[in-house]
There are 2 protein chains.
Amino acid sequence: MTRQKRAVAALLAETDQFTSAQELHARLRNAGEKVGLATVYNQLGALVDAGEVDSRRGESGETLYRRCDLVSHHHHLICRHCGLTVELSAPEVETWARELGRRNGFNNLDHVLEITGICDRCSGDSQ
Amino acid sequence: MTRQKRAVAALLAETDQFTSAQELHARLRNAGEKVGLATVYNQLGALVDAGEVDSRRGESGETLYRRCDLVSHHHHLICRHCGLTVELSAPEVETWARELGRRNGFNNLDHVLEITGICDRCSGDSQ
DNA sequence: ATCGTTGCAAATGTTTTGCATGTCA
DNA sequence: TGACATGCAAAACATTTGCAACGAT
């Protein structure tokens, strides 16, 4: 358990939006933490493998990371404006996806579902 | 309407798996077509904007392209082994996603759903 | 002391861009 | 001809890797 490991974990714990490795690294640097970019990538990869962090690809191609609130399989509802993220359980969709895959002759099914929109806070604002 | 434009469109027409720009370019070259990589990217971008081609990000980070069969909003069921792709309409999921977003105070909802699995052909094979 | 972690710098791979050239209409 | 498409080479990114120095236990 190194200082860098702790720093990355701590930053993720207080961030509830999907964030790129580059940005997390920049924030750590700004906060005075001396952490290498490669280490940030390393840690994020490890945390994803450990199931403690979710990752997804942003539109611009970078990988975005966020700590997991739900332990089990879940989906995200994400505000396109401010990045606010709500984690969703969706049993109906799970069943539906598995069933539909099976009906098409597929095994070993998995799926990714992501809902995006503008949250009420951002809709309300003049933003 | 240039020769290159036609070549890219023709290749996409006869390809029904998601394919990277790099690979499409390589195939065009192998087929004797003289097309620049930048032009392939250009064309693919234009076709995506025109709604004639779907794009998604592969696991390794590149963008994959495939001609659209369905004009309207739809989803994909993709074989992780051979890349076989089935286009799906899923009204239940559309409604569900919109409703769930609204219930969380989101407007302007959109979503992405992708189901992956191993198709029967690939399951059957020793592959 | 040992062994995994770190972090720089360089490599990798994809996509974009600048700009001179070619080509369609 | 005149505007736009092309395509090379170089730039711009995100990410990975090699490897020597470092630090936790």
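On a predicted model such as this, the values are computed, not experimentally measured, just so you know. Chain identifiers are assigned alphabetically (A, B, ...) following the order of the sequence lines, protein sequences preceding nucleic acid strands; residue numbering begins at 1 within each chain.
- In this structure, B:Glu23 reaches neither bases nor backbone, as no heavy-atom distance under 4.0 Å exists between it and the strands shown.
- Classification of A:Glu62 and A:Arg57 as a salt-bridged pair fails, no side-chain N sitting under 4.0 Å from a carboxylate O.
- For the pair B:His25 (side chain) and B:Val35 (backbone), a donor-acceptor distance under 3.5 Å is present.
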Apply ring-ring contact (aromatic ring centres under 6.0 Å, His included) to B:His111 and A:His75, showing your working.
CA-CA 11 Å; B:His111 62 268; A:His75 302 293; over 10 Å; no
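- Checked against D:dT25, D:dT15, D:dC8, the side chain of A:Met1 finds its nearest nucleotide in D:dT25.
- Between the side chain of A:Arg66 and the backbone N or O of A:Thr15, no donor-acceptor pair lies under 3.5 Å.
- A residue-by-residue look at B:Thr2 and A:Val40 shows that A:Val40 has its nearest nucleotide of DNA chain C further toward the 5' end.
- Look at B:Gln4 and you'll find a side-chain N or O under 4.0 angstrom from OP1 or OP2 of D:dG7.
- Of the listed nucleotides (D:dT15, D:dA24, D:dT6), D:dT15 has the atom at the smallest distance from the side chain of A:Glu62.
- Salt bridge present: B:Arg27 and B:Glu23 bring a charged side-chain N and a carboxylate O closer than 4.0 Å.
- When the nucleotides D:dC8, D:dT6, D:dT15 are ranked by their closest atom to the side chain of A:Thr63, D:dT15 comes out on top.
- Scanning for salt bridge (Lys or Arg N to Asp or Glu O under 4.0 Å) contacts around B:Arg102 gives B:Glu99, with sequence neighbours left out.
- Heavy atoms of A:Arg29 sit under 4.0 angstrom from primed sugar atoms or phosphate atoms, though from no base atom.
- Nucleic acid contact class of A:Thr39 (heavy atoms, under 4.0 Å, all strands): base.
- Regarding B:Arg3, its CZ atom lies at a distance of 15 Å from the P atom of D:dA5, rounded to whole Å.
- Closest-nucleotide positions on DNA chain C for B:Tyr65 and B:Arg6 were compared, and the one nearer the 5' end corresponds to B:Tyr65.
- Using a 4.0 Å cut-off, some side-chain N or O of A:Tyr41 falls inside it from OP1 or OP2 of D:dT15.
- For DNA chain C, the span of nucleotides reached by chain A at under 4.0 Å from its heavy atoms goes, 5' to 3', from C:dT5 to C:dC8.
- Side-chain proximity of B:Val35 to the nucleotides D:dC8, D:dG7, D:dT15 is greatest for D:dG7.
- A salt bridge is defined here as a Lys NZ or Arg NE, NH1 or NH2 lying under 4.0 Å from an Asp or Glu carboxylate O, and A:Asp69 with A:Arg67 meets this definition.
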